[in-house]
Amino acid sequence: MKNPEQQYPLYRPSFEHDSCGIGAVISIQGIQTHRTVDDALKIVEKLQHRAGKDACGETGDGVGLMMQIPHKLMLKAAKECKIDDLGPARSYGVGMFFLPQDTLRRLQARKMLEIIVARHGVEFLGWREVPVCPEVLGQTAREAQPYIMQCFVRRPAHVAEGLDFDRLLYIIRREFEQSDIGTYIASFSSRTIVYKGMFLVNQLRAFYRDLQDPDCESAMAMVHSRFSTNTNPSWERAHPNRYIMHNGEINTIRG
């Protein structure tokens with residue numbers, strides 16, 4: 001019988017450990033499909049035993065998904081927002097914003113972001129209201145729900161795609177976070193995007209209509225179901241956290 005490490009090059013028994021509440025689906029060939037997203041959502045929907053919830057059983061501690069930016073879906077969404085020239089994949093960045101429900105504060109936050117983007121020589125393309133279904137949420141989650149929007153920005157010609165562009169978006173995000181109160185950026189990248197919230201495991205797919213669209217395609221998708229132990233649940237504290245997710249535990253025998 002073959003050694004498992006020879007048979008499965010990515011598998012190392014010596015590093016075996018538990019990661020409860022976390023799941024991932026990856027296309028080894030790097031092919032983007034909706035099935036990858038759908039399979040990841042099916043994983044997290046089976047983690048009800050791992051998910052914390054309120055006494056009424058209608059609001060969860062947090063559920064989220066991180067995937068590649070679904071280019072076909074974003075092209076369609078941008079066109080609906082009168083953005084006709086979004087460009088090819090990775091030539092633009094997408095920010096996922098949890099904005100205030102108050103109209104004045106929301107407009108102030110949006111304007112601040114646009115000013116900072118322009119100051120860094122990046123073209124701001126527009127805003128999009130993310131289509132959601134608040135009726136699937138419990139009362140506690142609805143009362144705390146932010147106003148969820150996406151922004152689109154174009155990569156400057158002198159900035160290389162990939163990490164260089166994402167570094168610039170990181171600087172913009174950090175500058176914005178230091179200038180504004182009441183707005184949380186779930187992700188701001190040219191490569192990945194995060195959909196998350198104060199959900200039960202079966203509410204993530206139902207809340208975000210984007211995740212139900214066949215054009216929502218990715219070659220990788222990672223999901224997380226949170227069980228709060230020493231912090232109160234909130235929309236912001238749900239995982240993934242922009243580029244990472246973790247279950248908050250160190251539980252390997254080797255470690």
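In this chain, numbering begins with 1 at the start of the sequence shown.
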K.L.:
Could you tell me the separation between the CE atom of M112 and the CG atom of L107, rounded to the nearest 0.5 Å?
P.N.:
13.0 Å
K.L.:
Got a donor-acceptor contact below 3.5 angstrom from the R142 side chain to the L137 backbone?
P.N.:
yes
K.L.:
Give, for atom CD1 of I22 and atom NE2 of H224, the distance between the pair rounded to the nearest 0.5 Å.
P.N.:
4.5 Å
K.L.:
Does a side chain donor of either Y147 or E129 reach within less than 3.5 Å of an acceptor in the other side chain?
P.N.:
yes
K.L.:
Any donor and acceptor pair, going by atom type alone, linking the side chain of K196 with main-chain N or O of G62 inside 3.5 Å?
P.N.:
no
K.L.:
Kindly check if the number of other-residue, nucleotide or ligand heavy atoms within 6.0 Å of CZ (R110) is above 12?
P.N.:
yes
K.L.:
If we ignore angles and hydrogens, is there a donor and acceptor under 3.5 Å between the side chains of E217 and H71?
P.N.:
no
K.L.:
Yes or no on side chain to side chain contact (heavy atoms under 4.5 Å, CB included) for F199 and V136, after CA distance, side-chain angles and deciding distance?
P.N.:
CA-CA 9 Å; F199 304 136; V136 307; over 6 Å; no
K.L.:
Answer yes or no: is there an ion pair linking E175 with R119, defined by an N-O contact shorter than 4.0 Å?
P.N.:
yes
K.L.:
Any sub-3.5 Å donor-acceptor pair from Q68's side-chain atoms to A219's backbone N or O?
P.N.:
yes
K.L.:
Quick check: closest heavy atoms across V153 and L169, and the distance to 0.1 Å?
P.N.:
CG2-CD2, 3.8 Å
K.L.:
Look only at the side chain of S190 and the backbone of R90, and say whether a donor-acceptor pair between them is shorter than 3.5 Å.
P.N.:
no
K.L.:
If hydrophobic clusters are built by linking Ile, Leu, Val, Met, Phe, Trp and Tyr wherever their side-chain heavy atoms come under 4.5 Å apart, do L125 and V122 end up in the same one?
P.N.:
no
K.L.:
Any ion pair linking K79 and D84 (charged N to carboxylate O, less than 4.0 Å)?
P.N.:
no
K.L.:
To the closest 0.5 Å, what do you measure between CD1 (I31) and OG1 (T36)?
P.N.:
9.0 Å
K.L.:
Tell me whether the rings of F188 and F97 are parallel (<30°), tilted (30 to 60°) or perpendicular (>60°).
P.N.:
perpendicular
K.L.:
Would you compute the distance between atom SG of C81 and atom NZ of K76 and round it to the nearest 0.5 angstrom?
P.N.:
12.5 Å
K.L.:
Q145 side chain to P134 main-chain N or O, any donor-acceptor pair under 3.5 Å?
P.N.:
no
K.L.:
Is the backbone of T192 close enough, under 3.5 Å, to the side chain of S189 for a donor and an acceptor to pair up by distance?
P.N.:
yes
K.L.:
Backbone N or O of M96 within a donor-acceptor pair of the Q150 side chain at under 3.5 Å?
P.N.:
no
K.L.:
Between the side chain of R106 and the main-chain N/O of L99, is any donor-acceptor distance below 3.5 Å?
P.N.:
no
K.L.:
Which heavy-atom pair separates L41 from V223 by the least distance, and what is that distance?
P.N.:
N-CG1, 4.5 Å
K.L.:
Looking at Y92, does the NZ or CZ of R154 lie under 6.0 angstrom from its six-membered ring centre and within 45 degrees of the ring axis?
P.N.:
no
K.L.:
Considering non-hydrogen atoms only, spot the tightest contact between F165 and P156 and give its length.
P.N.:
CE1-CD, 4.1 Å
K.L.:
Counting only heavy atoms from other residues, nucleotides and ligands, does the tally under 6.0 Å from OH of Y184 exceed 12?
P.N.:
yes
K.L.:
Taking atom CD1 of I148 and atom CG of D210, what is their separation to the nearest 0.5 Å?
P.N.:
10.5 Å
K.L.:
Should R242 and E177 count as an ion pair when the cut-off is N to O under 4.0 Å?
P.N.:
yes
K.L.:
I'd like to know if the side chain of H120 reaches the main chain of L168, judged simply by a donor and an acceptor atom lying under 3.5 Å from each other, with no hydrogens or angles considered.
P.N.:
no
K.L.:
Less than 4.5 Å apart, side chain to side chain, heavy atoms only: is that true for E161 and R155?
P.N.:
yes
K.L.:
Less than 4.0 angstrom from a charged side-chain N to a carboxylate O is my criterion; do D38 and R35 meet it?
P.N.:
no
K.L.:
Which heavy atom of Y195 sits nearest to which heavy atom of L204, and what is that distance?
P.N.:
O-CD1, 3.7 Å
K.L.:
S187 and V194: which non-hydrogen atoms are nearest, and at how many Å?
P.N.:
OG-N, 3.1 Å
K.L.:
For side chain to side chain contact (heavy atoms under 4.5 Å, CB included), just list the numbers for I193 and M66, CA-CA rounded to whole Å, side-chain angles, deciding distance to a tenth of an Å, and then say yes or no.
P.N.:
CA-CA 6 Å; I193 190 167; M66 177 168 60; over 6 Å; no
K.L.:
Please determine whether residues L65 and M198 belong to a single hydrophobic cluster, defined as Ile, Leu, Val, Met, Phe, Trp and Tyr linked transitively by side-chain heavy-atom distances below 4.5 Å.
P.N.:
yes
K.L.:
Locate the shortest heavy-atom distance separating A24 from I43; write the atom from each residue and the value.
P.N.:
O-CD1, 4.1 Å
K.L.:
Can you tell me how far CD of E45 sits from CG of L200, rounded to the nearest 0.5 angstrom?
P.N.:
11.5 Å
K.L.:
Name all residues meeting the ring-ring contact (aromatic ring centres under 6.0 Å, His included) criterion together with F124; count only those two or more places apart in sequence or in a different chain, and write none if there are none.
P.N.:
W127
K.L.:
Could you walk me through whether K72 and D213 pass the salt bridge (charged side-chain N to carboxylate O under 4.0 Å, His left out) check?
P.N.:
CA-CA 10 Å; K72 284 165 63 176; D213 194 309; over 6 Å; no
